[in-house]
Participant: 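Could you have a look at this structure, given as structure tokens, before my questions?
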Amino acid sequence: MIMHFFVPGTPVPQGSKRVVRGRLIDVNQDSLRQWRSAIVRQAQGWISTHRPLRFPLDGPVSVVVGFDFPRPKCHFGTGRNAHIVKSRFREALMAVKPDLDKLVRAVLDALTDAGVWVDDSRVDSISATKSWVTDGEPGIRIWVFDDGGERV
């Protein structure tokens, strides 16, 4: 493993576009800009505390990303049970928007901006999951692994 870190916050997808005054812009442009900046700050902070490693990476890497989203209110009981997840939602998979590929796109582009690798084309394998978080903080967990290219 080359690096591992957590970025707190609600993940924001990248890729949905709309036309405004003849220009294509991201649907969630402001929140996306803030989200990517948070990823860049965390990645650069990790890099600065692990200086013997050489960045940006210029060989094949694999990336593992876990997206943790806050549960919607409908997953919880009411009244004195407002903090308890209803039994039918305890094992619920997050098969709802946002799209996983658009979430990954935002992360890979932010890691490129942070100087983790020369270009996200160096990523030869991605594993990504999205899930509901009940206890703990929403955000993303990111791992980057060296796949045998240029040694870091």
Side-chain angles (χ1 to χ4, degrees), residues 1-20 23-50 53 55-57 60-117 119-148:
M1 179 176 62
I2 297 173
M3 66 190 310
H4 169 251
F5 59 95
F6 177 77
V7 182
T10 301
V12 178
Q14 174 180 320
S16 297
K17 307 279 187 189
R18 68 181 170 152
V19 177
V20 175
R23 290 183 33 223
L24 276 178
I25 64 166
D26 280 292
V27 170
N28 50 4
Q29 189 171 14
D30 293 334
S31 56
L32 176 61
R33 186 178 305 119
Q34 293 172 0
W35 178 239
R36 284 184 48 176
S37 292
I39 297 169
V40 168
R41 280 192 306 277
Q42 290 291 85
Q44 288 177 336
W46 192 96
I47 289 170
S48 69
T49 60
H50 295 81
L53 300 175
F55 290 93
L57 304 171
V61 296
S62 57
V63 177
V64 177
V65 186
F67 297 94
D68 295 325
F69 285 85
R71 285 183 177 274
K73 287 186 179 187
C74 67
H75 281 206
F76 294 94
T78 58
R80 66 179 180 174
N81 295 322
H83 65 285
I84 298 173
V85 176
K86 294 176 184 175
S87 60
R88 71 176 180 254
F89 293 118
R90 284 195 191 120
E91 302 299 320
L93 299 176
M94 194 180 161
V96 296
K97 290 187 178 231
D99 296 0
L100 191 57
D101 61 323
K102 293 178 180 179
L103 292 165
V104 168
R105 183 178 306 142
V107 171
L108 296 183
D109 287 351
L111 293 177
T112 301
D113 294 345
V116 171
W117 43 61
D119 186 75
D120 59 9
S121 65
R122 301 302 189 264
V123 177
D124 64 11
S125 170
I126 299 171
S127 175
T129 59
K130 59 182 183 175
S131 59
W132 302 115
V133 64
T134 302
D135 299 320
E137 192 171 13
I140 56 173
R141 293 163 280 111
I142 301 171
W143 293 265
V144 177
F145 296 89
D146 180 9
D147 280 355

Participant: Would you indicate whether the side-chain heavy atoms of Val116 and Ile47 approach each other to under 4.5 Å?
Facilitator: yes
Participant: Got a second to check how far Ile39's CD1 is from Thr112's OG1, nearest 0.5 Å?
Facilitator: 11.0 Å
Participant: Would you say the side-chain atoms of Lys130 pair up with the backbone N or O of Val96, donor to acceptor, closer than 3.5 Å?
Facilitator: yes
Participant: Hey, does Leu111 have a side-chain heavy atom less than 4.5 Å from the side chain of Val107?
Facilitator: yes
Participant: In this structure, which one of Val85, Ile84, Asn81 forms a side chain to side chain contact (heavy atoms under 4.5 Å, CB included) with Phe76?
Facilitator: Val85
Participant: Under a 3.5 Å distance rule, please check whether Asp99 uses its side chain to pair with a backbone N or O of Asp101 as donor and acceptor.
Facilitator: no
Participant: What is the minimum heavy-atom distance between Ala110 and Val40, and which atoms define it?
Facilitator: O-CG2, 3.3 Å
Participant: Rounded to the nearest 0.5 Å, what's the gap from CZ on Arg41 to CZ on Arg36? Could you check?
Facilitator: 13.0 Å
Participant: How long is the gap from CG on Asp124 to CZ on Phe145, to the nearest 0.5 Å?
Facilitator: 12.5 Å
Participant: Taking NZ, NE, NH1 and NH2 as the nitrogens, is one of them in Asp30 or Arg33 under 4.0 Å from a carboxylate oxygen of the other?
Facilitator: yes
Participant: Of the non-hydrogen atoms in Leu32 and Ala106, which two are nearest, and what is the gap between them?
Facilitator: CD1-CB, 3.9 Å
Participant: Do you know the tightest heavy-atom contact between Gly139 and Trp35?
Facilitator: CA-CH2, 4.5 Å
Participant: Donor-acceptor pairs under 3.5 Å, side chain of residues 1-12 to any protein atom, not counting sequence neighbours: which ones?
Facilitator:
| unit_1 | atom_1 | unit_2 | atom_2 | d |
| --- | --- | --- | --- | --- |
| His4 | NE2 | Trp143 | NE1 | 3.2 |

Participant: How far does CD of Gln42 sit from CD of Gln44, to the nearest 0.5 angstrom?
Facilitator: 10.5 Å
Participant: Could you tabulate the donor-acceptor pairs under 3.5 Å formed by side-chain atoms of residues 61-68, not counting sequence neighbours?
Facilitator:
| unit_1 | atom_1 | unit_2 | atom_2 | d |
| --- | --- | --- | --- | --- |
| Ser62 | OG | Asp147 | OD1 | 3.2 |
| Asp68 | OD1 | Ser131 | OG | 3.0 |
| Asp68 | OD1 | Arg141 | NH2 | 3.0 |
| Asp68 | OD2 | Arg141 | NE | 3.0 |
| Asp68 | OD2 | Arg141 | NH2 | 3.2 |

Participant: Which residues satisfy the ring pair (Phe, Tyr, Trp, His ring centres under 6.0 Å) test with His75, sequence neighbours excluded?
Facilitator: Phe89, Trp132
Participant: Flag the pair Val144 / Trp46 as yes when at least one side-chain heavy-atom distance between them is below 4.5 Å, and no otherwise.
Facilitator: no
Participant: Testing the basics here: between Arg71 and Arg90, what is the closest heavy-atom pair and its distance to 0.1 Å?
Facilitator: NH2-O, 3.5 Å
Participant: Taking all atoms of both residues into account, what is the closest heavy-atom pair of Leu57 and Arg122, and its distance?
Facilitator: O-CG, 4.5 Å
